[in-house]
Student: 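The following block contains the structure, expressed as structure tokens.
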Amino acid sequence: MIISCLFLQVIQAQEKTLSWKESQRQDSAWYGSDAAIRIADNVLLYQNHNGGWLKNIDMAEVLTEKEKQTLEEEKSRELGTTIDNGATHTQLRYLAKVYNQTKIDKYKQAFLKGVDYLLKAQYENGGWPQFYPIKEGYYEHITFNDNAMIGVMFLLRDVLNKKRFAFVDVHRKNKIIDALRKGEEVILNTQIRIDGKPTLWCAQHHSKDLSPAKARSYELPSLSGSESVGIVKYLMGIENPSKEVKTAVNSAVEWFENHKIKGKDVVYIDAPELKGDKDRVVVKDENADPLWARFNEIGTGRPMFVGRDGVVEDSLEKIEHERRMGYSYLGNYAGNLLNEDYPKWLKRISE
């Protein structure tokens with residue numbers, strides 16, 4: 001037993017050189033390596049029988065034989081299978097890379113099973129819930145938060161357009177075409193209109209009436225200055241955008257232009273009297289890049305700062321320290337969108 005434990009420690013020291021996040025960003029040849037295959041086998045172990053994955057798991061960890069056996073025994077679990085925090089669509093991208101380098105069929109089959117899960121999870125109106133099977137509560141809302149639904153749609157579009165997904169059969173690709181059509185329709189239908197003018201999206205929308213919806217106590221119905229960026233970037237990737245798509249993009253970009261927070265920055269400062277000895281504060285800085293609020297009041301566009309008590313405040317300093325440090329309320333969310341992506345998109349659609 002001691003020898004076995006020591007052997008495992010040696011393997012861990014040798015193989016755990018990359019994190020799960022890092023393992024997704026390697027040169028294509030690396031995905032045929034023993035290290036990549038070991039991680040891919042982990043990904044298969046964590047895949048539920050319904051085709052999806054749980055979230056917040058380090059797929060790159062070296063597993064003991066006991067841990068592998070436990071995962072095999074738990075594959076029938078379904079509750080908790082999700083697209084939140086990059087789950088499922090991230091694992092599928094990894095499996096496709098390994099399959100392309102190795103041609104090992106089990107990775108292809110696991111990928112196809114995952115695609116089937118995503119297609120099954122989609123609402124008829126085109127949206128995706130955060131969890132499937134449905135988990136009651138705000139989890140059943142159409143979820144743009146943390147780019148959950150948009151991450152799925154980017155993957156599915158890549159399956160149609162990228163050579164590395166050429167192994168996917170025509171039958172599934174036809175289903176994906178329909179899924180993306182419905183997804184794009186619900187994106188247009190959920191864009192919040194103020195006095196008839198399209199603006200941004202909420203981080204989550206009601207699964208039936210599509211209205212902006214509340215999630216956690218500090219995530220109130222609002223215009224999302226963060227998640228809306230991912231939505232706009234997806235729409236700009238549509239090859240032949242319709243008039244409606246162009247209007248959606250132009251209107252959102254106009255909103256971002258009109259709601260820049262200039263001359264301010266968010267920085268960490270020493271705060272020995274607070275937990276962790278740090279605080280995050282807003283300071284004046286005329287040279288700082290523009291900021292946008294993650295939550296903006298529907299109607300006025302005013303930034304909203306909300307702590308766990310659910311009370312809307314007008315500045316970051318007025319919410320509790322734990323949320324100031326643990327959540328992003330202000331950021332240069334739309335910087336690249338306005339400076340790089342949008343000008344390129346305008347040039348492309350005008351040619």
Student: Ignoring hydrogens and geometry, is there a side-chain-to-backbone donor-acceptor pair from Trp53 to Val43 under 3.5 Å?
Tutor: yes
Student: Does the side chain of Thr143 come under 3.5 Å of the side chain of Asn145 through a donor N or O and an acceptor N or O?
Tutor: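 Judged by distance alone, the side chains do not pair up.
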Student: Apply side chain to side chain donor-acceptor pair (under 3.5 Å) to residues Gln101 and Tyr107 and explain how you reach the verdict.
Tutor: CA-CA 11 Å; Gln101 290 298 313; Tyr107 303 133; over 6 Å; no
Student: Within the side chain of Glu78, is there an N or O that forms a donor-acceptor pair under 3.5 Å with the backbone of Asn50?
Tutor: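 No, Glu78 side chain to Asn50 backbone: no donor-acceptor pair under 3.5 Å.
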Student: Less than 4.5 Å apart, side chain to side chain, heavy atoms only: is that true for Val168 and Leu112?
Tutor: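 Yes, their side chains come closer than 4.5 Å.
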Student: Can Phe144 be reached from Tyr329 by stepping across I, L, V, M, F, W or Y side chains whose heavy atoms are under 4.5 Å apart?
Tutor: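 Cluster IDs for Tyr329 and Phe144 differ.
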Student: Would you call Leu155 and Leu118 a side-chain contact if the rule is heavy atoms closer than 4.5 Å?
Tutor: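 The answer is yes, as the side chains (C-beta and beyond) meet within the 4.5 Å cut-off.
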Student: Between the side chains of Asp314 and Lys318, is the shortest nitrogen-to-carboxylate-oxygen separation below 4.0 Å, so that they form an ion pair?
Tutor: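 A salt bridge is present here (some side-chain N lies under 4.0 Å from a carboxylate O).
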Student: Is Glu184 salt-bridged to Arg181, cutoff N-O under 4.0 Å?
Tutor: no
Student: Using side-chain heavy atoms (C-beta onward) and a distance below 4.5 Å, is Thr190 in contact with Ile231?
Tutor: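 No, too far: nothing below the 4.5 Å cut-off.
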Student: Please check this pair: side chain of Gln26 against backbone of Glu22, looking for a donor-acceptor N/O pair closer than 3.5 Å.
Tutor: yes
Student: Apply side chain to side chain contact (heavy atoms under 4.5 Å, CB included) to Ile142 and Asn125, showing your working.
Tutor: CA-CA 10 Å; Ile142 295 170; Asn125 63 17; 4.0 Å; yes
Student: Would you call the rings of Phe154 and Tyr234 parallel, tilted or perpendicular, taking 30° and 60° as the class edges?
Tutor: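 It falls in the perpendicular class, over 60°.
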Student: When hydrophobic residues are tied together by side-chain contacts of less than 4.5 Å, even through go-betweens, does Trp255 share a cluster with Leu330?
Tutor: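 No, because Trp255 and Leu330 fall into different hydrophobic clusters, even though each may have its own neighbours under 4.5 Å.
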Student: Any ion pair linking Glu320 and Arg323 (charged N to carboxylate O, less than 4.0 Å)?
Tutor: no
Student: I want to check something: taking the side chain as every heavy atom from C-beta on, are Gln130 and Lys55 in contact at a cut-off of under 4.5 Å?
Tutor: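 The answer is yes, as the side chains (C-beta and beyond) meet within the 4.5 Å cut-off.
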Student: Would a distance-only check, ignoring hydrogens and angles, find a side-chain to backbone donor-acceptor pair under 3.5 Å from Arg216 to Tyr138?
Tutor: no
Student: Hey, is the main chain of Asp146 close enough, under 3.5 Å, to the side chain of Glu227 for a donor-acceptor pair?
Tutor: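 Present.
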Student: I'd like to know if Glu72 pairs up with Lys68 as an ion pair, taking the criterion as any Lys NZ or Arg NE/NH1/NH2 lying under 4.0 Å from an Asp or Glu carboxylate oxygen.
Tutor: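 No, Glu72 and Lys68 are not salt-bridged.
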Student: With a 4.5 Å cut-off on side-chain heavy atoms, are Leu316 and Arg324 touching?
Tutor: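 In short, these two side chains touch, coming nearer than 4.5 Å.
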Student: In the single-linkage hydrophobic clustering (I, L, V, M, F, W, Y; side-chain heavy atoms under 4.5 Å), do Val281 and Phe305 co-cluster?
Tutor: no
Student: I need the Ile134 CD1 to Tyr139 OH distance, nearest 0.5 Å.
Tutor: 13.0 Å
Student: For the pair Gln204 (side chain) and Ala213 (backbone), establish whether a donor and an acceptor sit closer than 3.5 Å, ignoring hydrogens and angles.
Tutor: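 Yes, Gln204 side chain to Ala213 backbone: donor-acceptor pair under 3.5 Å.
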Student: Which atom pair, heavy atoms only, marks the closest approach of Leu54 to Thr82?
Tutor: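 Scanning both residues completely, I find the closest heavy atoms to be C-CG2, 4.2 Å.
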Student: Counting heavy atoms not belonging to Lys264, are there more than 12 under 6.0 Å from its NZ?
Tutor: no
Student: Return yes if some donor-acceptor pair links the side-chain N/O of Gln24 with the main-chain N/O of Thr90 below 3.5 Å, else return no.
Tutor: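 No; judged by distance alone, with no hydrogens or angles, the pair does not exist.
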Student: Taking a hydrophobic cluster as the set of Ile, Leu, Val, Met, Phe, Trp and Tyr residues connected by side-chain heavy atoms closer than 4.5 Å, whether directly or through intermediates, do Trp292 and Ile298 fall within one such cluster?
Tutor: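 The answer is yes; both residues are in one hydrophobic cluster.
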Student: What class does the angle between the rings of His206 and His141 fall in, given that below 30° is parallel, 30 to 60° is tilted and above 60° is perpendicular?
Tutor: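 Tilted.
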Student: Should we say atom NZ of Lys21 is surrounded by more than 12 heavy atoms from elsewhere, each under 6.0 Å from it?
Tutor: no
Student: Is there side-chain contact between Lys113 and His49, with heavy atoms separated by less than 4.5 Å?
Tutor: yes
Student: Just how far is it from atom OG of Ser19 to atom CD of Glu61, taken to the nearest 0.5 Å?
Tutor: 10.0 Å
Student: Say whether, by atom type as modelled, one donor and one acceptor occur between the side chain of Tyr46 and the main chain of Asp58 under 3.5 angstrom.
Tutor: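 The answer is no, because no donor-acceptor pair under 3.5 Å joins these two groups.
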Student: How many angstroms lie between atom OG of Ser226 and atom CG of Asn147, to the nearest 0.5 angstrom?
Tutor: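 Answer rounded to 0.5 Å: 6.5 Å.
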Student: Would you call Tyr268 and Met325 a side-chain contact if the rule is heavy atoms closer than 4.5 Å?
Tutor: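 Contact flag for Tyr268/Met325 side chains = yes.
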Student: If every non-hydrogen atom of Ser228 is compared with every non-hydrogen atom of Trp201, which pair is closest and at what distance?
Tutor: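 Minimum heavy-atom contact is OG-N, 3.1 Å.
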Student: Thinking salt bridges, do Glu124 and Lys182 make one under a 4.0 Å N-O criterion?
Tutor: yes
Student: Hey, any chance Ile349 and Leu338 share a hydrophobic cluster, counting ILVMFWY side chains that come within less than 4.5 Å of each other, even indirectly?
Tutor: yes
Student: Step by step, would you call Trp30 with Arg25 a side chain to side chain contact (heavy atoms under 4.5 Å, CB included)?
Tutor: CA-CA 10 Å; Trp30 179 85; Arg25 301 175 179 176; over 6 Å; no
Student: Is the side chain of Arg280 donor-acceptor paired with the backbone N or O of Tyr327 at a distance under 3.5 Å, no angle test?
Tutor: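 Yes, because the side chain of Arg280 sits within donor-acceptor range (under 3.5 Å) of the backbone of Tyr327.
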Student: For Lys103 and Phe167, run side chain to side chain contact (heavy atoms under 4.5 Å, CB included): C-alpha distance rounded to whole Å, both residues' side-chain angles, the deciding distance at 0.1 Å, then the answer.
Tutor: CA-CA 10 Å; Lys103 301 304 179 185; Phe167 61 87; over 6 Å; no
Student: Can you tell me how far apart CE (Met59) and CH2 (Trp20) are? Round to the nearest 0.5 Å.
Tutor: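 Met59 CE to Trp20 CH2: 6.0 Å, rounded to 0.5 Å.
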Student: Is the Tyr333-Phe256 ring centre distance short of 6.0 angstrom?
Tutor: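 No, ring centres 6.0 Å or more apart.
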Student: Ignoring hydrogens, what is the shortest heavy-atom contact between Ala179 and Leu119? Give both atom names and the distance.
Tutor: CB-CD2, 3.7 Å
Student: I need the minimum non-hydrogen distance between Asn42 and Ala60, along with the two atoms involved.
Tutor: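 Shortest heavy-atom separation between Asn42 and Ala60 comes out as ND2-C, 4.2 Å.
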Student: Would you name the heavy atoms of Leu220 and Ser217 that are closest together and state the gap between them?
Tutor: CD2-O, 3.5 Å
Student: Between Lys278 and Asp270, does at least one N-O distance fall below 4.0 Å, as a salt bridge requires?
Tutor: yes
Student: Quickly, which of Val232, Val253, Leu337, Asn250 forms a side chain to side chain contact (heavy atoms under 4.5 Å, CB included) with Trp345? Name it, please.
Tutor: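 The side chain to side chain contact (heavy atoms under 4.5 Å, CB included) with Trp345 is passed solely by Asn250 among Val232, Val253, Leu337, Asn250.
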Student: If only side-chain N and O atoms count, and only distance matters, is there a donor-acceptor pair under 3.5 Å linking Gln69 with Glu73?
Tutor: yes
Student: In sequence, state the C-alpha distance, the side-chain angles, and the governing distance for Phe295 and Val306, and then conclude on side chain to side chain contact (heavy atoms under 4.5 Å, CB included).
Tutor: CA-CA 9 Å; Phe295 303 106; Val306 189; 5.5 Å; no
Student: Heavy atoms only: give me the nearest Glu340-Pro343 pair and the separation to one decimal.
Tutor: O-CD, 3.3 Å
Student: Under 6.0 Å from the NZ atom of Lys120, do we count more than 12 heavy atoms belonging to anything else shown?
Tutor: no
Student: Please confirm whether the ring centroid of Tyr99 lies under 6.0 Å from the ring centroid of Phe111.
Tutor: no
Student: CE of Met153 to CG of Asp158: how many Å apart, nearest 0.5 Å?
Tutor: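 The CE atom of Met153 sits 12.0 Å away from the CG atom of Asp158.
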Student: From Trp128 CH2 over to Ile150 CD1, what is the distance, rounded to the nearest 0.5 angstrom?
Tutor: 9.0 Å
Student: Any donor and acceptor pair, going by atom type alone, linking the side chain of Ser211 with main-chain N or O of Asp209 inside 3.5 Å?
Tutor: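 A pair under 3.5 Å: no.
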Student: If you define the side chain from C-beta out and look only at heavy atoms, does anything of Lys197 sit under 4.5 Å from Glu254?
Tutor: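 Side-chain contact under 4.5 Å: yes.
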